[in-house]
Asker: 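One structure is given below, represented as C-alpha cells, and several questions about it will come after.
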Amino acid sequence: MLNLPNLLAFLRILLAPIMFWIILNPSLFTDAGYHISWSYFTASLIFVLASVTDFFDGYIAREWNQMTMLGAIIDPLADKMLTIAAFLGLMMVGSASAWAIYIIIIRELFITGIRTVALSEGLDIKASWSGKVKTVLQMIAIGFLLMHWSFGTELLWLAVALTLYSGFEYLWGFKKAILTRSNK
C-alpha cells in the first residue's frame, strides 16, 4: 500500500544514487567554477534530507497508524541503500577505509536478510536501542566524512564497532524469537 511513510522511503531510494553520483563527480562543481567544498556540501545536504525522511516516515507510520508490510520491508532497505551509497562513494574517492565499509555493508546485508526471513515467518524482531544508536552514529560519521571534517575516520571506526555489536544483539533477538515460538 502506498501511503506517505512509504512514499518517503521511496524518496530516500531515489536520493541515494543522486548523492552517490555527486560524491563520485566533484568536477561537476569545480568545472563550473565552484570550490570543491560545494560538492561536499551538496552531497551532505542530500544525505541529511534523505536521513530526515527516515525519521518522519517512521513517526508518521506510527502516529497515523499507517504501518504496512511494504513499509516494514522497504524502510530498512531504503536506509541501507542510502548508507551503502554514501559509504561506497566515500570509499571510492578515498575518504573511507575499505575494510570499515566492507564490515558495515556485510553486516547490514546479513541483518536485512535475517529481518526479511523473520518478517516472512511472522516473527517480531524490533530494532534494538543499539541498532538505532548505530544508525545515528553511521549517519554522523558519513556527514563528517562527506564534509571532510576532523574525526570522521574515528567516528567511522566507532560506528563499525557499534555496527558489529548491534548485529550480534539482533542475532540474539532472532534466536530468542525462534526459541520462543518453538516453545509455544
Asker: Considering non-hydrogen atoms only, spot the tightest contact between Phe20 and Gly89 and give its length.
Answerer: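 Between these two residues, the closest heavy atoms are CE1-N, 3.5 Å.
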Asker: Could you check if a side-chain atom of Leu88 sits within less than 4.5 angstrom of a side-chain atom of Ile105, using non-hydrogen atoms only?
Answerer: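 They are in side-chain contact.
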Asker: Hey, what do you get for CD1 (Ile114) to CG (Leu109), rounding to the nearest 0.5 Å?
Answerer: 12.0 Å
Asker: Restricting to side chain to side chain contact (heavy atoms under 4.5 Å, CB included), what partner residues turn up for Glu169, sequence neighbours left out?
Answerer: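 Per chain and number, Glu169 pairs via side chain to side chain contact (heavy atoms under 4.5 Å, CB included) with Ser128, Ser130, Tyr165.
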Asker: To the nearest 0.5 Å, what is the distance between CG (Leu82) and CZ (Phe87)?
Answerer: 10.0 Å
Asker: I'd like to know if the side chain of Arg62 reaches the main chain of Gly58, judged simply by a donor and an acceptor atom lying under 3.5 Å from each other, with no hydrogens or angles considered.
Answerer: yes
Asker: Hydrophobic clustering (ILVMFWY, side-chain heavy atoms < 4.5 Å, transitive) - are Ile60 and Phe10 grouped together?
Answerer: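 No, Phe10 does not connect to Ile60 through the hydrophobic network.
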Asker: Going by atom types only, do Gln138 and Thr163 share a side-chain donor-acceptor pair under 3.5 Å?
Answerer: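 Present: a donor and an acceptor within the cut-off.
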Asker: Look up atom CG in Leu70 and atom CG in Leu2, then write down how far apart they are to the nearest 0.5 Å.
Answerer: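 If I round to the nearest 0.5 Å, the distance is 6.5 Å.
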Asker: Mind checking whether Thr30 and Ser39 have side chains closer than 4.5 Å, heavy atoms only?
Answerer: no
Asker: Cluster question for you: counting only ILVMFWY and a side-chain heavy-atom cut-off of under 4.5 Å, with indirect links fine, are Leu15 and Trp21 together?
Answerer: yes
Asker: Let's go through Tyr34 and Leu28 carefully: what are the C-alpha distance in whole Å and the side-chain angles of both, what is the deciding distance for side-chain contact (heavy atoms from CB on, under 4.5 Å) to 0.1 Å, and is it a yes or a no?
Answerer: CA-CA 9 Å; Tyr34 295 100; Leu28 171 75; over 6 Å; no
Asker: Check the side chains of Thr53 and Arg12 for a donor-acceptor pair under 3.5 angstrom, ignoring hydrogens and angles.
Answerer: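 Side chains of Arg12 and Thr53: pair found under 3.5 Å.
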Asker: For the pair Thr153 and Trp157, evaluate side-chain contact (heavy atoms from CB on, under 4.5 Å) and give the outcome as yes or no after the intermediate values.
Answerer: CA-CA 6 Å; Thr153 299; Trp157 282 106; 3.9 Å; yes
Asker: Nearest 0.5 angstrom please: Thr83 OG1 to Lys80 NZ, how far?
Answerer: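 Here the rounded value is 6.0 Å.
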Asker: Is a side-chain N or O of Asn3 found less than 3.5 angstrom from the main chain of Gln66, in a donor-acceptor match?
Answerer: yes
Asker: For the hydrophobic clusters of this structure (ILVMFWY residues joined by side-chain heavy atoms under 4.5 Å, transitively), does one cluster hold both Phe41 and Ile36?
Answerer: no
Asker: Might you confirm whether atom CZ of Phe29 has over 12 heavy atoms from other residues, nucleotides or ligands at distances under 6.0 Å?
Answerer: yes
Asker: Would you check if the side chain of Asp75 reaches a backbone N or O of Gly71 as a donor-acceptor pair within less than 3.5 Å?
Answerer: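 No, Asp75 side chain to Gly71 backbone: no donor-acceptor pair under 3.5 Å.
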Asker: Let me confirm one number: the CG-CG distance from Leu158 to Leu137, rounded to the nearest 0.5 Å.
Answerer: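 Going from the CG atom of Leu158 to the CG atom of Leu137 covers 4.5 Å.
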Asker: When you compare the side chains of Asn6 and Thr68, does any donor N or O come within less than 3.5 Å of an acceptor on the partner?
Answerer: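 Yes - a donor-acceptor pair under 3.5 Å links their side chains.
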Asker: Check the pair Ile104, Leu164 against side-chain contact (heavy atoms from CB on, under 4.5 Å), reporting the backbone distance first and the verdict last.
Answerer: CA-CA 8 Å; Ile104 288 172; Leu164 290 171; over 6 Å; no
Asker: Of all heavy-atom pairs between Ile111 and Gly167, which one has the smallest distance, and what is that distance?
Answerer: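 Heavy atoms of Ile111 and Gly167 come nearest at CD1-O, 3.7 Å.
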Asker: Any Lys/Arg nitrogen of Arg115 or Glu108 sitting under 4.0 Å from an Asp/Glu carboxylate oxygen of the other?
Answerer: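 Not counted as a salt bridge, because no side-chain N and carboxylate O are separated by less than 4.0 Å.
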Asker: With sequence neighbours left out, write down each residue that passes side chain to side chain contact (heavy atoms under 4.5 Å, CB included) with Ala43, or none if nothing qualifies.
Answerer: Met19, Ile22, Ile23, Leu146
Asker: Among all residues two or more places apart in sequence or in another chain, which pass the side-chain hydrogen bond (donor to acceptor under 3.5 Å, both in side chains) test with Ser37?
Answerer: His35
Asker: How long is the gap from CG on Asp79 to CG on Asp54, to the nearest 0.5 Å?
Answerer: 4.0 Å
Asker: Using a 4.5 Å cut-off on heavy atoms from C-beta on, say whether the side chain of Lys134 contacts that of Arg107.
Answerer: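 Yes - at least one pair of side-chain heavy atoms lies under 4.5 Å apart.
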Asker: Same cluster or not: Phe144 versus Met92, using hydrophobic residues (I, L, V, M, F, W, Y) connected whenever any side-chain heavy atoms lie under 4.5 Å apart?
Answerer: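 Phe144 does not cluster with Met92.
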Asker: I need the minimum non-hydrogen distance between Ala96 and Leu156, along with the two atoms involved.
Answerer: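 That would be CB-CD2, 4.0 Å.
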Asker: Is there side-chain contact between Ile101 and Leu90, with heavy atoms separated by less than 4.5 Å?
Answerer: no
Asker: Can you say whether the rings of Tyr59 and Phe55 are parallel (under 30°), tilted (30 to 60°) or perpendicular (over 60°)?
Answerer: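 The arrangement is parallel - the two ring planes meet at less than 30°.
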Asker: Take the angle between the ring planes of His148 and Tyr40 and call it parallel below 30°, perpendicular above 60°, tilted in between.
Answerer: tilted
Asker: State plainly whether one hydrophobic cluster holds both Ile84 and Leu49, where clusters connect Ile, Leu, Val, Met, Phe, Trp and Tyr through side-chain heavy atoms under 4.5 angstrom apart.
Answerer: yes
Asker: Could you go through Leu77 and Ile73, starting from their C-alpha distance and side-chain angles, then the distance that decides it, and tell me whether this counts as side-chain contact (heavy atoms from CB on, under 4.5 Å)?
Answerer: CA-CA 7 Å; Leu77 289 176; Ile73 293 170; 3.9 Å; yes
Asker: Would you confirm whether Ser95, through its side chain, and Met91, through its main-chain N or O, come within 3.5 Å as a donor-acceptor pair?
Answerer: no
Asker: What's the shortest heavy-atom distance between Ile13 and Pro17, and which atoms?
Answerer: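 Shortest heavy-atom separation between Ile13 and Pro17 comes out as O-CD, 3.0 Å.
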